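Read the structure below first, then the notes.
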Amino acid sequence: MKIGFNLPTTGPLIEPDSLVRIVTEGEALGFDYVTISDHIMVPRNLDSKYPYTGSGEFPAGASAAWLEQLTTTAYVAALTKKLRFVLSVMVVPHRPAVLTAKVLSTIDYLSKGRLTLGIGVGWCREEFEAIGAAPFDDRGNVTDEWMAACRELWSADAPKFAGKYVRFDDVVFTPKPVQAPIPIWVGGESAPALRRTVRYAQGWYPVGTNAQHPMNTVSTFKKGLERFQEFCKRGDRDPKEITLAYRVLTGPGMRPRGSIGGEPELFSGGDADWVGDIRRLQDFGVTSVDVRLFGYGEAQTLQGTIDNMHRFRDGVLSKLG
């Protein structure tokens, strides 16, 4: 089982010295990867609903400061030697396809192949409009075309592409990424996300708290996994070829052990509960789980976050074997 932790890209811990301490401490403590989130410019007034809270409220708020994801990832790459970094997730239509392909290729090249590309289509219409991104209502098709263009640039000696939004020919695109291919994990639990995973991804990367497709108890996780396997069958893809990863938006001790429909709520409670939950997911074939260890209680401060990382290492990581 690979265990990751989320790096702050918003809030009081985004100043450089804090980021250096958090990411280098995570590598020293034995975490396998760090996740880096993506927002560019969130308008003050939002009608769009965040899919991973019951209320639809965006937990970071609309007035928070945000670091840009890809430049933050490049910064993290220079600070580390072994730690992988997972984009969690990159909103694909936010950036031009060719430029995005170049930035991602450069990060993978300079980090010696430590990038995992988590992708999503985005949920915030107002942000799309504010930054002049591709059309929000066509974001699924844009995502698929962007990724097809990226894969062509990353793999072909003489890349060329003719799509609705992206066209190029007679170009040189080097250096290529170290990884062939850069692993793509599709975030999301919807039918389009599952189809996208089956069509071209190396991993599926759900969050358990989507109210439309919950996967936060053993039975709902099993139901979601069966749904995923059915999409694999329809798409003639062996599910064993696809990495199963799981993103958790909290950390141990944040809430007492809860229950949903008479079943324990996954990733609530303390360390022992979390160890058991990770092992349960491992039994279902999950190979990567990442958690958030900052931004609540004492972990709103740098020292509190570092202490939380050490507690997680001692109370959870060390028990997983």
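The basis for the numbers below is simple: all heavy atoms, side chains too, and nothing from hydrogens, waters or symmetry mates. Remember, it's a predicted structure, so these values are computed and weren't measured experimentally.
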Shortest non-hydrogen contact between [X] and [Y], atoms and distance:
{"X": "Val166", "Y": "Glu145", "result": "N-OE2, 2.8 Å"}
{"X": "Lys2", "Y": "Asp32", "result": "CA-OD2, 3.2 Å"}
{"X": "Thr305", "Y": "Leu293", "result": "CG2-O, 3.8 Å"}
{"X": "Asp144", "Y": "Arg199", "result": "OD2-NH1, 3.1 Å"}
{"X": "Ile182", "Y": "Leu104", "result": "CD1-O, 4.1 Å"}
{"X": "Leu29", "Y": "His310", "result": "CD2-CE1, 3.6 Å"}

Task: Test side chain to side chain contact (heavy atoms under 4.5 Å, CB included) applied to Trp154 and Pro177, Pro159, Pro181, the passing residue - done: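 Of Pro177, Pro159, Pro181, side chain to side chain contact (heavy atoms under 4.5 Å, CB included) with Trp154 is met by Pro177 alone.
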Open item on the list: Once you measure the plane-to-plane angle for Trp185 and Tyr33, does it fall in the parallel (<30°), tilted (30-60°) or perpendicular (>60°) bin?
Closed with: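 If you compare the ring of Trp185 with that of Tyr33, the planes turn out perpendicular.
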Open item on the list: Parallel, tilted or perpendicular, judged at 30° and 60°: which one describes the rings of Trp204 and Phe228?
Closed with: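 Ring orientation of Trp204 relative to Phe228: parallel.
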What distance do [X] atom [atom1] and [Y] atom [atom2] have between them, rounded to the nearest 0.5 Å?
{"X": "Ile22", "Y": "Glu25", "atom1": "CD1", "atom2": "CD", "value": "10.0 Å"}
{"X": "Leu67", "Y": "Leu13", "atom1": "CG", "atom2": "CG", "value": "11.0 Å"}
{"X": "Leu320", "Y": "Ile278", "atom1": "CG", "atom2": "CD1", "value": "5.0 Å"}
{"X": "Ile40", "Y": "Ile131", "atom1": "CD1", "atom2": "CD1", "value": "4.0 Å"}
{"X": "Glu127", "Y": "Met41", "atom1": "CD", "atom2": "CE", "value": "8.0 Å"}
{"X": "Tyr246", "Y": "Met1", "atom1": "OH", "atom2": "CE", "value": "11.5 Å"}

For residues 264-271, run the donor-acceptor check on the side chains, cut-off 3.5 Å, and write out each pair with its distance to 0.1 Å, sequence neighbours left out.
unit_1: Glu265; atom_1: OE1; unit_2: Arg255; atom_2: NH1; d: 3.2
unit_1: Glu265; atom_1: OE2; unit_2: Arg255; atom_2: NH2; d: 3.3
unit_1: Ser268; atom_1: OG; unit_2: Gly258; atom_2: N; d: 3.0
unit_1: Ser268; atom_1: OG; unit_2: Glu265; atom_2: O; d: 2.8

Task: Test side chain to side chain donor-acceptor pair (under 3.5 Å) applied to Thr72 and Gln69, step by step - done: CA-CA 5 Å; Thr72 302; Gln69 181 190 51; over 6 Å; no
Tell me whether [X] contacts the main-chain N or O of [Y] through its side chain, where contact means a donor paired with an acceptor under 3.5 Å.
{"X": "Arg227", "Y": "Lys223", "answer": "no"}
{"X": "Thr197", "Y": "Ala193", "answer": "yes"}
{"X": "Ser259", "Y": "Gly262", "answer": "no"}
{"X": "Thr10", "Y": "Ala65", "answer": "yes"}
{"X": "Asp108", "Y": "Gln179", "answer": "yes"}
{"X": "Arg84", "Y": "Leu115", "answer": "yes"}

Do [X] and [Y] come close enough that some side-chain heavy atom pair is under 4.5 Å?
{"X": "Glu152", "Y": "Phe168", "value": "yes"}
{"X": "Arg125", "Y": "Glu129", "value": "yes"}
{"X": "Phe85", "Y": "Leu7", "value": "no"}
{"X": "Gln202", "Y": "Ile242", "value": "no"}
{"X": "Trp274", "Y": "Phe312", "value": "yes"}
{"X": "Glu263", "Y": "Ile260", "value": "no"}
{"X": "Ile36", "Y": "Ser88", "value": "no"}
{"X": "Phe294", "Y": "Leu302", "value": "no"}

Same cluster (ILVMFWY, side-chain, under 4.5 Å), [X] and [Y]:
{"X": "Val178", "Y": "Leu87", "value": "no"}
{"X": "Val103", "Y": "Tyr165", "value": "yes"}
{"X": "Leu99", "Y": "Val91", "value": "no"}

Neighbour count >12 (heavy atoms, 6.0 Å) for atom [atom1], [X]:
{"X": "Gln212", "atom1": "CD", "answer": "no"}
{"X": "Tyr200", "atom1": "OH", "answer": "yes"}
{"X": "Lys102", "atom1": "NZ", "answer": "yes"}
{"X": "Asp157", "atom1": "CG", "answer": "no"}
{"X": "Asp236", "atom1": "CG", "answer": "no"}

Tell me yes or no: between the side chains of [X] and [Y], is some donor less than 3.5 Å from an acceptor?
{"X": "Thr24", "Y": "Glu27", "value": "no"}
{"X": "Thr209", "Y": "Asn216", "value": "no"}
{"X": "Asn141", "Y": "Asp138", "value": "yes"}
{"X": "Glu126", "Y": "Ser48", "value": "yes"}
{"X": "Thr35", "Y": "Arg247", "value": "yes"}

Task: side chain to side chain donor-acceptor pair (under 3.5 Å) contacts in which one or both residues fall within residues 311-321, not counting sequence neighbours - done: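 Listed once each, the pairs are Asn308-Arg311.
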Task: Those residues that, when tested against Glu15, pass salt bridge (charged side-chain N to carboxylate O under 4.0 Å, His left out) (two or more places apart) - done: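 For Glu15, no residue satisfies salt bridge (charged side-chain N to carboxylate O under 4.0 Å, His left out) once neighbours in sequence are set aside.
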TODO: Quick one: list whatever passes salt bridge (charged side-chain N to carboxylate O under 4.0 Å, His left out) with Glu230, sequence neighbours left out.
DONE: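 Only Arg234 meet the salt bridge (charged side-chain N to carboxylate O under 4.0 Å, His left out) criterion with Glu230.
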Contacts under 3.5 angstrom, residues 74-81 side chains, donor-acceptor by atom type, not counting sequence neighbours:
unit_1: Thr80; atom_1: OG1; unit_2: Val76; atom_2: O; d: 3.0
unit_1: Thr80; atom_1: OG1; unit_2: Arg114; atom_2: NH1; d: 2.8

Donor-acceptor list for residues 169-176 side chains, cut-off 3.5 Å, not counting sequence neighbours:
unit_1: Lys176; atom_1: NZ; unit_2: Leu153; atom_2: O; d: 2.6
unit_1: Lys176; atom_1: NZ; unit_2: Ala156; atom_2: O; d: 2.7
unit_1: Lys176; atom_1: NZ; unit_2: Phe173; atom_2: O; d: 3.1

Task: His94 and its ring pair (Phe, Tyr, Trp, His ring centres under 6.0 Å) partner, picked from Phe128, Phe136, Trp146, Trp66 - done: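 Result: among Phe128, Phe136, Trp146, Trp66, Phe128 is the only option passing the ring pair (Phe, Tyr, Trp, His ring centres under 6.0 Å) with His94.
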TODO: Show your reasoning for whether side chain to side chain donor-acceptor pair (under 3.5 Å) applies to Arg292 and Thr250.
DONE: CA-CA 5 Å; Arg292 176 172 173 159; Thr250 62; over 6 Å; no
- [ ] Go through the steps to decide whether Arg280 and Asp273 satisfy the test salt bridge (charged side-chain N to carboxylate O under 4.0 Å, His left out), and finish with yes or no.
- [x] CA-CA 11 Å; Arg280 288 182 187 94; Asp273 298 308; over 6 Å; no
Open item on the list: What I want to find out is whether Lys222 reaches Asp283 closely enough, with some N-O distance under 4.0 Å, to be called a salt bridge.
Closed with: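 Salt bridge between Lys222 and Asp283, a charged N being under 4.0 Å from a carboxylate O: no.
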